[in-house]
Amino acid sequence: MENSYSIEDLIEMLEDVLHESTRVPFGKKSMVDVDKIVDIVSDMRMVLPMEIQQAQKVVSDKNNIISEAKREAESIIRKAEQRRAELIEESDVMKEARRRATEVISAAQTHSSDIRSSTSDFADKMLMRVEDLLVTDLNNLKLLRSSINGAQNGIQTSQPKTRIMEKPGE
């Protein structure tokens, strides 16, 4: 027999030999061509190592592919976890920056309001002081004028009349 048969072909040939066997009368046994069976078994012994080697190569290739796929999957998972950690860190940094910016803006608004209020109070006090000085100066001016007018008319008064003007809005 040729050596180009596969193990499946040889098993099929063995089955054919068994089916072609002749029955022994009055029993369940059959007579087979032992030489054909020995040749087929011999070919099986020669083919089987090649088939086993091919199967082992397929298994080895499959294991290599699986190992490579696992390494690649682990690498992808590591990269994804690193990226996730970076995004979480960026998110935390952004949250902290927003929180801090809100604090700074709030503090600036409070400070601005305080400055505006104290500036307004200061300006009001200064204007009141100027107003008081102007009223005093105006009263002194009126007294001086009245004194000058009295001296021109020849009327001497022992004491000039003092008239105090009221502040506007009072």
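On a predicted model such as this, the values are computed, not experimentally measured, just so you know.
The nearest pair of heavy atoms linking Asp33 to Val17 is O-CG1, 4.4 Å. Across all non-hydrogen atoms, the minimal contact from Val47 to Tyr5 is CG2-O, 3.3 Å.
For the salt bridge (Lys or Arg N to Asp or Glu O under 4.0 Å) test, residues two or more places apart in sequence or in another chain that qualify with Glu68 are Arg71. With sequence neighbours left out, Asp61 forms a salt bridge (Lys or Arg N to Asp or Glu O under 4.0 Å) with Lys57.
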Side chain to side chain contact (heavy atoms under 4.5 Å, CB included) between Arg98 and Met94, worked out: CA-CA 6 Å; Arg98 284 188 190 109; Met94 289 300 293; 3.7 Å; yes

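Under a 3.5 Å cut-off, the side chain of Thr136 and the backbone N or O of Asp132 do form a donor-acceptor pair. The closest donor-acceptor contact from the side chain of Ser106 to the backbone of Thr102 lies at 3.5 Å or more, if one exists at all.
Interatomic distance, Ile65 CD1 to Ser60 OG, rounded to the nearest 0.5 Å: 9.5 Å. The distance from atom CG of Leu18 to atom CE of Met13, rounded to the nearest 0.5 Å, is 12.0 Å. Atom CG of Leu10 sits about 10.0 Å away from atom OG of Ser42, to the nearest 0.5 Å. Taking OG of Ser30 as the start and CD of Glu20 as the end, the distance is 12.0 Å to the nearest 0.5 Å. To the nearest 0.5 angstrom, Leu127 atom CG is 12.5 Å from Lys125 atom NZ. Between Asp9 atom CG and Asp16 atom CG the span is 10.5 Å, to the nearest 0.5 Å.
Side chain to side chain, Arg116 and Ser112 meet the donor-acceptor criterion of an N or O pair below 3.5 Å.
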Quick one: side chains of residues 77-93, donor-acceptor pairs under 3.5 Å with protein atoms, not counting sequence neighbours, listed by atom name and distance.
| from | atom 1 | to | atom 2 | distance (Å) |
| --- | --- | --- | --- | --- |
| Arg83 | NH1 | Glu86 | OE1 | 3.4 |

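Within a 6.0 Å sphere centred on CZ of Arg45, heavy atoms belonging to other residues, nucleotides or ligands number 12 at most.
If you chain together hydrophobic residues whose side chains sit under 4.5 Å apart, Val32 and Ile11 fall into the same group. Linking Ile, Leu, Val, Met, Phe, Trp and Tyr residues whenever their side-chain heavy atoms come within less than 4.5 Å places Met44 and Leu48 in a single cluster.
Under the 4.5 Å side-chain criterion, counting only non-hydrogen atoms from C-beta, Ile115 is in contact with His111.
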